[in-house]
There are 2 protein chains.
Amino acid sequence: MQLIQIYQCFCDETRLRIIHLLTKGPLCVCHFQDILEVPQTKVSQHLAYLRKREIVECKRRGAWMIYSLPAQPSAELETNLKCLQDCVQTNPVFRSDLEKLPAARENEAAWLDEAASKTCDCS
Amino acid sequence: MQLIQIYQCFCDETRLRIIHLLTKGPLCVCHFQDILEVPQTKVSQHLAYLRKREIVECKRRGAWMIYSLPAQPSAELETNLKCLQDCVQTNPVFRSDLEKLPAARENEAAWLDEAASKTCDCS
DNA sequence: ACAATATATGCGTGAAAACGAATATGTGTA
DNA sequence: TACACATATTCGTTTTCACGCATATATTGT
């Protein structure tokens, strides 16, 4: 049942913050490191977990791996992503993550613009 | 963060079925046993897990323990309960659980009617 | 007080998860 | 080719979870 896998992905704080950031557009591993301030290993491990359950997709762009939400998310995933965004509106942790987003993205604006076109619209 | 605890509660199939059934009104342990067809111990253990995280409430009614969703659920919980109900609309497992609900309830209509007034409205 | 019923709790085990540390892989560049 | 950077994978350890089994507790009826 994919719904269970969605909740499994959502039930860890680091993963939930990653997923939430991805609802705003694609990001690469170093962005998560900067924004979440957790070690690279930890980020990669959680991304592997999400990949295995098909909650995120990734593609290589030079040395970077660009992660995004599925281009064609299931109805369940889409519904839950919207729900998540409702729920975290006023949460300081998630708000703070979003505030760090523009700065983190600025430097790689080039590939991000291109990658963004491949993302699902969950915002 | 309560949101994490919500997803922790949602990420096991048995618990998710319990929670889903509770969105239709209060139930006691034996109902879950009948509907889910899992051993009493397993039901009670999952209910303890949910109680600990304040996703369900319970009160004694004679020999029965009546479980229900919180009378005053948090915004996050309420949002996620609605989301859950959207997601499982067409899912055979959850639909089948609902179909067994009226029969399971019939015999204890008396205390259920009374208990129902204490439940939050998530339907 | 006793038996029957409903439910909860404690224990042991195996599996999964979380995480840091070390290491491996892939890519761009000198 | 060699080196630096970005990312992934493996390993060992600790914690949490899921579950069956046995047992304890609470309530009702006799």
Side-chain angles (χ1 to χ4, degrees), chain A residues 1 4-19 21-22 26-68 104-105 107-108 110-112 115, chain B residues 1 4-19 21-22 26-68 104-105 107-108 110-112 115:
Chain A
M1 188 156 17
I4 301 295
Q5 299 207 327
I6 291 173
Y7 291 129
Q8 284 173 348
C9 290
F10 280 35
C11 77
D12 173 88
E13 179 169 334
T14 304
R15 284 199 295 268
L16 197 56
R17 291 169 72 193
I18 289 174
I19 293 165
L21 283 168
L22 287 177
L27 289 168
C28 73
V29 180
C30 57
H31 290 143
F32 295 123
Q33 275 179 258
D34 293 347
I35 298 177
L36 307 179
E37 296 177 86
V38 296
Q40 177 264 319
T41 293
K42 190 169 166 179
V43 172
S44 276
Q45 281 166 341
H46 281 299
L47 286 169
Y49 186 106
L50 296 172
R51 236 185 305 129
K52 193 170 172 188
R53 287 157 182 81
E54 298 176 56
I55 270 36
V56 303
E57 291 173 349
C58 66
K59 64 175 180 197
R60 186 174 283 286
R61 192 106 208 124
W64 296 281
M65 289 296 286
I66 304 182
Y67 282 83
S68 56
R105 268 215 259 238
N107 306 323
E108 288 87 359
W111 62 258
L112 271 172
Chain B
M1 189 156 18
I4 302 295
Q5 300 207 326
I6 292 172
Y7 290 129
Q8 283 173 348
C9 290
F10 280 35
C11 77
D12 173 89
E13 179 169 334
T14 304
R15 284 198 296 269
L16 198 58
R17 290 169 72 192
I18 288 174
I19 293 166
L21 282 167
L22 287 176
L27 289 169
C28 72
V29 181
C30 58
H31 290 144
F32 295 122
Q33 274 178 258
D34 293 347
I35 298 176
L36 307 179
E37 296 177 85
V38 297
Q40 177 265 320
T41 291
K42 189 169 166 178
V43 172
S44 278
Q45 281 165 342
H46 281 299
L47 286 169
Y49 186 106
L50 296 172
R51 238 185 304 131
K52 194 171 173 186
R53 287 158 182 82
E54 299 176 53
I55 269 37
V56 303
E57 290 173 350
C58 65
K59 65 175 180 199
R60 184 174 286 284
R61 191 108 207 122
W64 298 281
M65 290 295 287
I66 305 182
Y67 281 84
S68 56
R105 267 215 259 240
N107 306 323
E108 289 88 359
W111 62 258
L112 270 172

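Naming: A, B, ... by sequence-line order, numbering from 1 per chain. Because the structure is predicted, anything quoted here is derived from the model rather than measured.
For the salt bridge (Lys or Arg N to Asp or Glu O under 4.0 Å) condition, no pair includes a residue of residues 38-52 of chain B, sequence neighbours left out.
In this structure, B:Gln33 places its CD atom 12 Å from C1' of C:dA8, rounding to the nearest Å. With rounding to whole Å, A:Gln5 atom CD is found 13 Å from C:dA16 atom P. Rounded to whole Å, atom P of C:dA4 lies 18 Å from atom CH2 of B:Trp64. Between A:Gln8 atom CD and C:dA15 atom P there is a gap of 17 Å when expressed in whole angstrom units. Atom P of nucleotide C:dT7 and atom CD1 of B:Ile66 are separated by 9 Å, given to the nearest angstrom. Rounded to whole Å, the distance from CG on B:Leu47 to C1' on C:dA6 is 13 Å. For the pair A:Lys52 NZ and C:dA18 C1', the interatomic distance rounds to 14 Å; values are reported in whole Å.
In this structure, CZ on B:Phe10 lies 12.0 Å from CZ on A:Phe10, to the nearest 0.5 angstrom. With rounding to the nearest 0.5 Å, the separation of CD in B:Gln5 from CG in B:Leu50 is 11.0 Å. How far CD of B:Gln33 is from SG of B:Cys28: 9.0 Å, rounded to the nearest 0.5 Å. If you take CG on A:Asp12 and CZ on A:Arg17, they are separated by 10.5 Å, rounding to the nearest 0.5 Å. Atoms CG and OH, on A:Leu22 and A:Tyr67 in that order, are 10.0 Å from each other to the nearest 0.5 Å. In this structure, CG on A:Leu47 lies 12.5 Å from CD1 on A:Ile55, to the nearest 0.5 angstrom.
Each of C:dG10, C:dA21, C:dA6 was ranked by its minimum atom distance to the side chain of B:Ala63; first place goes to C:dA6.
Checking side-chain atoms of A:Arg15 against main-chain N and O of A:Cys9 turns up a donor-acceptor pair under 3.5 Å.
Residue-level contact check: B:Tyr67 touches the backbone only, with heavy atoms under 4.0 Å from sugar-phosphate atoms and none from bases.
Near DNA chain D, defined here as any heavy-atom distance below 4.0 Å, the residues from residues 34-44 of chain A are A:Gln40, A:Thr41, A:Ser44, listed numerically.
In the 5' to 3' direction, nucleotides of DNA chain D lying under 4.0 Å from heavy atoms of chain B begin and end at D:dC17 to D:dT28.
Taking the nucleotide of DNA chain D with the nearest heavy atom to each of B:His46 and A:Arg51, the more 5' of the two is matched to A:Arg51. Summary of the strand contacts: A:Arg60 and B:Cys58 both lie near DNA chain C, and taking for each the nucleotide with the nearest heavy atom, the more 5' one is attributed to B:Cys58.
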